[in-house]
Amino acid sequence: MKKNDLVTGKVIDTSFPSTGKVLIDGTDRTASVKGVIPGQEVELRLTRTSVDNTKGELKRIIQKSNIETDSHCPHFCYAGEDGDRCGGCLYQTISYDDELQIKEHQIRKLFKKVVPSFDTVFEGITGSDSCYSYRNKMEFTFGNRVIDGPLELGMHRKGSFYDIVSVPGCRICHPDFGLIVDSTRKYFKDAAFYRKGTHRGYLRHLLVRRAHFTGQILIDLVTADYLPDSWTGELKESERFMPFTDNRGGLTEDHPPMTSDEKNAEKELLAGYVSALRGLDLNGEIVGILHTRNNSFSDSVKDQGTEVLFGEDHFFEKLCGLSFKITPFSFFQTNSAGAEKLYGKAGSYLKEALNGEKPAEVFDLYCGTGTITQIISPYASHVTGVEIVPEAVEAAKQNAAANSITNCDFICGDVFKVLDSLDKKPDYIIVDPPREGLQPKALTKILSYEVPSIIYIACKPQSLARDIPAFLNAGYEVRRLACVDMFPRTGNAEMTALFSRQ
């Protein structure tokens with residue numbers, strides 16, 4: 001076998017997150033491939049052919065697994081089939097019970113390698129109340145499926161950086177999302193989207209957040225400063241599709257200011273957009289429509305200035321009996337009902353660790369809008385939350401005041417730098433880091449406090465598995481370990497662990 005050869009085989013096992021082990025037909029060799037389900041017969045293009053590490057790229061599904069049925073999502077299709085797979089979901093063709101069994105199997109394989117007492121401490125996987133309409137936040141991208149094709153607003157096509165697939169019927173978010181996306185795409189059908197190759201164009205992203213329990217909706221249109229051709233004023237044709245350069249010929253993100261005519265045209269354009277959105281027959285209530293400028297070369301959503309076009313710049317969600325103010329870019333769990341289960345699990349771990357005591361100080365690191373901080377506040381005399389996003393910290397302070405919680409303080413800054421500057425020491429610590437997990441310096445500082453117990457919440461199980469050896473080497477043991485499925489129909493899941501010093 002050589003690189004780029006096409007081979008066939010059967011998926012005999014999977015590892016987290018949904019990386020399949022394929023037994024290649026006619027051989028005793030196996031290859032790993034992403035995005036497959038146990039039991040499928042597949043065709044691969046080999047991308048690596050070493051004896052102990054053969055990898056492939058999925059080209060098509062030859063035969064479905066015996067646990068598969070028809071997809072419940074109108075935008076789902078298999079690799080190699082005619083259609084535009086959005087690339088978001090994997091488990092649309094199997095029952096939710098089968099999905100949970102697959103995920104639990106993968107979690108067991110991942111953590112048995114690093115947790116000596118795994119069979120004793122693992123509490124299994126907790127499923128979501130619903131595997132549909134659970135997401136409270138979606139980021140959509142403007143673009144097209146084919147060169148010179150009509151405007152699309154949706155998700156990246158599976159395996160493509162440029163092609164965009166409209167997904168008005170997406171099943172993992174509320175139908176209100178689809179109505180908003182479809183209305184936006186139709187309203188801007190003649191406008192120019194931002195092109196990554198030339199760094200020119202107007203429309204970039206659409207951020208929609210809808211609270212699961214309150215039904216409040218916040219919409220944020222993200223654009224660059226380049227208006228469509230009919231609104232470009234005095235820009236020459238050759239300038240509209242070329243990135244700006246400095247005097248050395250390098251790319252620069254400095255854009256010339258919009259002319260007064262362009263500003264007036266944009267103001268009229270956005271006013272019409274607000275009217276179109278407010279005229280929609282939605283199940284929820286639009287409480288805010290925003291416009292964010294983003295002239296950076298990065299494809300991610302960046303806030304370089306946000307204005308309110310209608311209503312407020314925030315919305316409210318309820319969780320565990322508390323109310324939380326959420327701004328466009330602040331972190332909040334994307335599955336509100338699942339978050340109640342996750343935080344309930346973390347709260348039970350904390351109560352077990354405290355054993356009836358009330359500690360003087362608990363640190364909640366990477367606290368976001370202060371959700372966990374406030375939920376655990378009754379168990380401690382004081383809780384300090386640390387978060388690097390300024391607007392999230394401000395929202396956390398306002399949330400605590402609105403919920404009449406007075407024993408919480410919030411500090412804005414990088415966790416390691418903040419901990420290095422604090423004189424007080426915690427009695428217990430809770431961490432809920434970003435997907436990449438704890439940074440080495442922050443992890444070393446956290447372990448140096450030698451607190452009796454640490455609760456670790458991980459949105460990426462591999463990051464927790466990577467960090468566990470550091471806890472074990474520092475004298476901790478894994479006392480509790482659980483998986484909560486916060487992302488049904490996708491390959492991801494969330495973990496929470498209780499570490500206690502031996």
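The structure displayed is predicted, hence computed values, not measured ones. Numbering of residues begins at 1 and proceeds along the displayed sequence.
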Does a side chain donor of either [X] or [Y] reach within less than 3.5 Å of an acceptor in the other side chain?
X: Gln374; Y: Asn403; answer: yes
X: Tyr134; Y: Asp129; answer: no
X: Ser336; Y: Asn136; answer: yes
X: Ser166; Y: Glu152; answer: yes

Above 12 or not: heavy atoms from other molecules or residues under 6.0 Å from CG of Asp70?
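Check fails, neighbour count at 12 or below.
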
From [X] atom [atom1] to [Y] atom [atom2], the distance as rounded to the nearest 0.5 Å:
X: Tyr202; Y: Phe193; atom1: OH; atom2: CZ; result: 15.5 Å
X: Cys412; Y: Lys397; atom1: SG; atom2: NZ; result: 8.0 Å
X: Ile289; Y: Glu312; atom1: CD1; atom2: CD; result: 12.5 Å
X: Thr223; Y: Leu270; atom1: OG1; atom2: CG; result: 7.0 Å

Any side-chain heavy-atom pair from [X] and [Y] closer than 4.5 angstrom?
X: Asp313; Y: Thr306; answer: no
X: Asn283; Y: Pro175; answer: no
X: Gln304; Y: Val222; answer: no
X: Asp432; Y: Phe331; answer: yes

Are [X] and [Y] within salt-bridge range, i.e. N to O under 4.0 Å?
X: Arg209; Y: Asp220; value: no
X: Glu352; Y: Arg480; value: yes
X: Lys460; Y: Glu436; value: no
X: Glu43; Y: Lys59; value: no
X: Arg479; Y: Glu477; value: no

Hey, mind stepping through Asp176 and Val208 against side-chain contact (heavy atoms from CB on, under 4.5 Å) and telling me if it holds?
CA-CA 10 Å; Asp176 282 351; Val208 183; over 6 Å; no

Result block: side-chain N/O donor-acceptor pairs under 3.5 angstrom for residues 7-15, not counting sequence neighbours:
| unit_1 | atom_1 | unit_2 | atom_2 | d |
| --- | --- | --- | --- | --- |
| Thr8 | OG1 | Asp25 | OD2 | 2.6 |
| Asp13 | OD1 | His105 | NE2 | 2.8 |
| Asp13 | OD2 | Lys109 | NZ | 3.0 |
| Thr14 | OG1 | Gln106 | NE2 | 2.9 |
| Ser15 | OG | Lys109 | NZ | 2.8 |

Test Tyr273 against Phe188 for ring-ring contact (aromatic ring centres under 6.0 Å, His included), laying out the working first.
CA-CA 8 Å; Tyr273 177 53; Phe188 288 110; 5.0 Å; yes

Would you be so kind as to tabulate the donor-acceptor pairs closer than 3.5 Å made by side chains of residues 275-282, with sequence neighbours excluded?
| unit_1 | atom_1 | unit_2 | atom_2 | d |
| --- | --- | --- | --- | --- |
| Ser275 | OG | Ala271 | O | 3.3 |

